[in-house]
Amino acid sequence: VEASIPEPLREAWRKYSAVGFTNKEEFEKELVRHVETTLARSLYNCDDFSAYGGTALAFRDRLIIDWNKTQQRQTFADQKRVYYLSLEFLMGRALDNAMLNVGMKDVARDGLKDLGFCVEDVIDQEHDAALGNGGLGRLAACFLDSLATLNYPAWGYGLRYRYGIFKQEIVNGYQVEVPDYWLDFNPWEFPRHDVTVDVQFYGWVRKYQDENGKTCYSWQDGELVQAVAYDVPIPGYGTKSTNNLRLWSSKAASGEFDFQKFNAGEYESAVADQQRADTISAVLYPNDNLDRGKELRLKQQYFWCAASLYDIVRRFKKTKHSWKDFPDQVAIQLNDTHPTLAIVELQRILIDQEGLEWDEAWNIVTHTFGYTNHTVLPEALEKWSVPLFQNLLPRHLQIIYDINLFFLQSVEKKFPNDRDLLTRVSIIEESHPKMVRMAYLAIIGSHKVNGVAELHSDLLRTTLFKDFVTVYGADKFMNVTNGVTPRRWLHQANPRLSDLIASRLGGYHWLTDLTLLEKLESFVEDKAFRDEWAEVKTANKLRLAKHIKNTTGYSVNPKALFDIQVKRIHEYKRQQLNIFGVIHRYLTIKSLSPEERKKLVPRVSIIGGKAAPGYWMAKSIIHLINSVASVVNKDEEVGDLLKVIFVEDYNVSKAELICPASDISEHISTAGTEGSGTSNMKFVLNGGLIIGTCDGANIEITREIGEQNIFLFGNLAEDVEDLRHRHFYGGFKLDPDLAKVFDTIRSGVFGDPSEFNALISSITEHGDYYLVSDDFHSYITTHSIVDEAFQNKDEWIVKSITSVARMGFFSTDRVINEYAESIWNAEPLVVKD
Ligand code: CJB
C-alpha cells in the first residue's frame, strides 16, 4: 500500500501522531480545548449543550484514532470484509455508547464534575440518530456494535437522511408528525468530500458490437446525481476495533447548480435541478412493514446501492486480486429486499464495464450475496412496476429479464412441463402492470436466504418461499434467530442492574459472553441478592415514573404492576387487543364494591409507538389509547388501580429508559405474523417478565427461560388460516367480554364513538383478520394469572432472575458469529496498538 508521506519523513509524523486522552486530566484538557476552539465558547457561556459538544468531540477524537488504525490494519491484512447494506440504521445516541465501549465513562463523569457538569445531563443533550423505523433498523445498529466488538472487518452502508423518522406529538389525543431535522450539530460524522460517486438515472440502452464482434450494452445519457460519503465511526466494546458506517448524501452532480442555465436567466430551473438531487437522501420513508412502491423510494434504493457497490469494487480493485477472488474478499448481506438492486448492479458492472462473460459474472454475484427476510406480511413484500423500472433503470430491467430467463430455463430443465411452477417462481408477476418481485430476485441472486426466528424461517420454507425450496433444495434456506446487543440494552440502559450482576459475577466479562449470565442462577436462593434485584427494578420504575410525570403530568404509583407495550403501532402487533383489555379491566374495576377492589393489583398500562402517517387504523388505535387514558386517569373511583399512559415519541433513547422499568411487557402479535421481535429480548434481559403469543422469537425465549417464566396465550400459528376461513364461512361469533368493551366504546364514554367505528367493524364485520376476538378470552384470563403471580413478590423475583440468567442466547454476538460462519465465511481481525 502506497503511503503519501515518504519514509525519511515518517519519523517526524509518528512523533506527533494524535493519541487522544487517556486519563481524567487529559480528558478535561481536550474538552475545554474543543469548547473554546472548535465550538468557540468559553467558561462564560458553556451550557450543558456545549459541554455535550466538547465531550462528544473529545471522544470522537479517540474513536477516529482507533478507526484509522483499524482501517489500516484491515487494508494490510488482505482478508475478507463484510458489507451490511441496510436502508435503516436506528442508532440512537452515540456518546454514552462511546464512553462505555471505550471504557471511559467514569473518567468522563469525574472530569465533567470537576468542570461543573453532570454526565447524565450532558448525555441527555444528544439528539437521537433516528435513521430507521423500528425493529429492522435497530437490528442493523445492534449488528454494527457486535461486528466491531467481535473484531470483524465490516462496513455498514446506508443513506444519510436529512430527516430521520418523524417526531411524534400527541395533540388532543391524535398523532401529529413533526419533521426530525437532526443534523444541526452532529459531531459523529466525517464528511468525505473527496469520496464521491456519480449515480445515473433514466436514459437509454445502446446495443453495439465490440472489436471482437461481441454484443455489448451501454447505458447512455439520463441524469447524474452525486453521492457524497459521510463516515460514522463504530466502536467495539473493550477492543480497539472501530468499524465504519458509510452513509451517502445526494447532491447535484454538476456542483452547486447549472451555471449555464443560471447565466441564461433560468434561475428557477437551475435551482430545481439541485433540489431534485437533494431530495433523494432528504427523508426516510416512515413505513414499517409496508411497501408503497413510490418512484423516489426506488431512486433512493438505486442511488445507495450504486454508490456502495462502486465503493466496494473500488476497494477490491486496489487489492489487485482477480475477479474470481471477489467472493473470497467480499461478503454482502442484504437487510431485507431494499438493497436487492445491488445484485443487478454488480452483474451490470461485471458484464458491461469489466467485460466478463455472463456466467462468470453471475457466479461471482451469487457467491457474494446473502439475503435476510424480516417479514411474511404480504403488504411488506416489495414489488416494483415494470414501466417504472423501464423508465428509471432501463439497463437494470434488461438484466433482470435475463436473470429471470436463465433461471426459468434451469427450472424448466429440472421440472419439465410444470408451467404453473414457472409462473409462480418468475421474478416478473404477470399482472397489470407487470411487477418485479424483489424477494424472488434476492433469493435467486444470493447463496443463502435466512429468516430471523425459527417459526418465521419455517414459515418462509413452507409458505412464502416454498417453491424455491423445491427448486434449490432446503439448504439454501436457513434460520438465524435475532438478538440484541447487551452493551446498549443492559449495560448502558440499565447501569444499576449491570453493576449488580457484575458484583456477583466478578466483573463485566459476561458483556462479551452473555451465556455467562447463567451463573446468576446460583444466587436465586440468596435473599440479599433477591432484595437488591428488586431494589434495582424499583429504582428503574421510579426513573420512568419521573419521566411520565414530567411529560404527561400523570403521577403513577411505582408499586403498581408496570405493564408495557412499546413498538411501532400496527394491527398485526395488536395494540388494539391491549387497549380493549385495558377497557375490560376498567369495566371490571367499576363493577366491584370498594371492598372487592382492595384485593386488586394496581396496574399502570404503558403504551408507546409511532403510526405510519398514512395508516389510519393505526392512528385510530393511538387515538383510542389516549381517549381511554383521559377518562380512566381522571376517574377517582379507580385511582391507583389503573392508570393508562401513552408515551409520546417512542425512540431508542426512550427505549433505554423504558425497557429496564417493566414488570411485564406485551408481545402479542397474531401467531405467525411477527418475524422475530427484539423488544421481547430487551425486556427480559432487563428482568421484566412477558405476556406473549406463540409467535416470532417468543417461542425460543420460552424454550430458553422455561415455560414457568413466561405468560403465553392465544391461538397457534398453525390454526390461524382455519380460523380466518371460519370467520367468513362459519359465521363470526364475537367474544362476549369484547362485545361489552365495544358497547362501552359505542356509548360515547371515550368520546365520539364514530371515530372508532372502523376499528370495531374490522373485527365485527370484516373478518377479524388479526384474530382479536378469538384471542380475547385467553388474553384477559392470562392477565388475571399475571396479577396473581405478581402478588407473590418472592416468586416473581425468582422468575425474573432465572429468566435473565438464561438469556445468553439472545446476544447479537451469537447472531453475528452464526452469520460469519454459515453465510459470510469471514474471520475476525484483532487490532493492536
Ligand atoms: N421488520 O422492522 C421491520 N420492518 C419491516 O419492514 C419488516 C420487518 C421487523 O424486523 C425485525 C428485525 O428482524 C423483527 O424482529 C420484527 O419482527 C420485524 O417486524
Side-chain angles (χ1 to χ4, degrees), residues 84 86-90 130-144 146 165 284-293 297 301 333-340 370-383 438-439 442 449-457 459-460 464 479-485 489 565-575 609-612 615 618 650-652 655 665-684 690 692-701 717 770 810 812 815-816 818-819:
Y84 197 75
S86 179
L87 211 40
E88 303 189 8
F89 287 95
L90 194 44
L131 307 184
N133 276 287
L136 174 145
R138 183 54 230 178
L139 185 76
C142 285
F143 277 12
L144 293 183
S146 283
I165 188 68
L284 164 79
Y285 274 85
N287 301 316
D288 180 84
N289 270 291
L290 180 77
D291 169 45
R292 288 207 167 257
R297 169 84 166 180
Q301 295 186 350
Q333 191 64 27
L334 306 174
N335 196 23
D336 216 293
T337 53
H338 317 148
T340 304
Y371 155 52
T372 305
N373 172 288
H374 295 265
T375 180
V376 294
L377 295 193
E379 64 269 32
L381 297 179
E382 285 193 303
K383 286 178 193 173
M438 299 307 269
V449 176
N450 75 284
V452 290
E454 269 175 24
L455 174 67
H456 172 234
S457 300
L459 287 171
L460 287 180
L464 220 51
N479 173 59
V480 186
T481 299
N482 282 167
V484 300
T485 168
W489 295 112
Q565 186 181 20
V566 280
K567 49 185 86 223
R568 285 299 288 250
I569 311 290
H570 210 298
E571 285 166 283
Y572 88 82
K573 295 180 188 282
R574 296 202 297 189
Q575 285 91 353
K610 293 173 186 176
Y615 189 176
Y650 176 62
N651 60 13
V652 173
S665 66
E666 308 224 5
H667 309 277
I668 58 176
S669 48
T670 312
T673 62
E674 189 70 273
S676 154
T678 42
S679 77
N680 42 8
M681 301 166 191
K682 291 165 198 166
F683 279 104
V684 180
I690 65 185
T693 43
C694 294
D695 199 19
N698 291 353
I699 297 171
E700 287 147 90
I701 292 177
Y770 296 103
F810 298 100
T812 33
V815 182
I816 288 300
E818 277 186 27
Y819 276 92

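We count ligands from 1, going down the list as the structure has it; atoms in each ligand are counted the same way. Numbers here simply count residues along the sequence, with the first being 1.
Scanning all protein heavy atoms for the shortest distance to atom 13 (O) of ligand 1 gives His374 ND1, 2.6 Å. For atom 7 (C) of ligand 1, the closest non-hydrogen atom of the protein is Asn289 OD1, 3.3 Å. Nearest non-hydrogen protein atom to atom 9 (C) of ligand 1 is Leu136 N, 3.9 Å. At the shortest separation from atom 17 (O) of ligand 1 among protein heavy atoms lies Glu674 OE1, 2.6 Å. Atom 4 (N) of ligand 1 has as its closest protein heavy atom Asp288 OD1, 3.4 Å.
Counting heavy atoms closer than 4.0 Å to ligand 1, residue Val452 contributes side-chain atoms (C-beta onward) but none from N, CA, C or O. The part of Asn482 lying near ligand 1 is the side chain, judged by heavy-atom distances below 4.0 Å. Of the heavy atoms in Ser676, both backbone and side-chain atoms come closer than 4.0 Å to ligand 1.
Remark: Thr375 engages Asn289, Leu377, Ala380 in a side-chain contact (heavy atoms from CB on, under 4.5 Å) (not counting sequence neighbours). The ring-ring contact (aromatic ring centres under 6.0 Å, His included) search around Phe683 returns His667, not counting sequence neighbours.
In summary, the atoms of ligand 1 found under 4.0 Å from a heavy atom of Tyr572, numbered by their order in the structure, are 19 (O). Residue-ligand proximity, Gly675 to ligand 1, at heavy-atom distances under 4.0 Å covers atoms 17 (O).
The shortest distance between side-chain heavy atoms of Arg297 and Asn287 does not fall below 4.5 Å.
At least one donor-acceptor pair under 3.5 Å links the side chain of Arg574 to the backbone N or O of Tyr770. Checked by atom type and distance alone, the side chain of Thr812 pairs as donor or acceptor with a backbone atom of Thr485 at under 3.5 Å.
For atom 14 (C) of ligand 1, the candidate residues are Gly132, Gly677, Ser669, Gly134; the nearest heavy-atom contact is made by Gly677.
Looking only at atom types and distance, the side chain of Thr372 has a donor-acceptor partner in the side chain of Asn450 under 3.5 Å away. His456 and Asn479 form no side-chain donor-acceptor contact under 3.5 Å, judged by distance and modelled atom types alone.
Contact annotation: Asn133 has no heavy atom less than 4.0 Å from any atom of ligand 1.
To the nearest 0.5 Å, atoms CG (Leu334) and OH (Tyr84) are separated by 9.5 Å.
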